[in-house]
Amino acid sequence: HWLERQGRPIGDPLEQGAAALLTEVLSIARSLRAELGRPPQPREIAERGALSIEAVQRALWFARVLQR
């Protein structure tokens with residue numbers, strides 16, 4: 001996969017914990033959007049949730065894929 005060749009780990013979307021991570025990231029994003037009045041940056045979501053930026057980016061990518 002091209003992302004893996006760039007050094008970006010790709011997890012199975014169905015791996016244990018992926019659904020919980022996605023739920024957490026989306027919940028934090030909604031809360032921040034309400035507070036900020038704009039869509040939050042991945043860095044802001046990561047800071048609020050004490051998550052890695054990579055985990056947040058992966059969860060947001062999964063969310064976009066699921067919306068298709």
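The figures that follow rest on heavy atoms only: side chains count, while hydrogens, waters and symmetry mates do not.
Under the side chain to side chain contact (heavy atoms under 4.5 Å, CB included) criterion, Ser31 pairs with Glu35, Arg48, sequence neighbours left out. The side chain to side chain donor-acceptor pair (under 3.5 Å) search around Arg30 returns none, not counting sequence neighbours. Looking at residues two or more places apart in sequence or on another chain, you find a side chain to side chain donor-acceptor pair (under 3.5 Å) between Glu44 and Arg38. Taking the side chain to side chain donor-acceptor pair (under 3.5 Å) definition, one finds that Arg64 meets it with nothing, sequence neighbours left out. Remark: Arg43 engages Glu47 in a salt bridge (charged side-chain N to carboxylate O under 4.0 Å, His left out) (not counting sequence neighbours).
Residues Ile53 and Leu60 fall into different hydrophobic clusters, defined by Ile, Leu, Val, Met, Phe, Trp and Tyr side chains chained together at heavy-atom separations under 4.5 Å.
Shortest non-hydrogen contact noted between Leu21 and Ala59 is CG-CB, 4.2 Å. Pro42 approaches Val56 most closely through the heavy-atom pair O-CG1, 3.7 Å. Nearest heavy-atom pair across Ala29 and Pro40 is O-CG, 3.6 Å.
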Intermediate values then yes/no, side-chain contact (heavy atoms from CB on, under 4.5 Å), Glu24 and Leu51 = CA-CA 10 Å; Glu24 180 180 4; Leu51 302 166; 4.2 Å; yes

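Two residues are said to be in side-chain contact when any heavy atoms from C-beta on lie closer than 4.5 Å; Leu22 and Leu66 meet this criterion.
Remark: Arg33 CZ to Ile28 CD1 distance equals 16.0 Å, nearest 0.5 Å.
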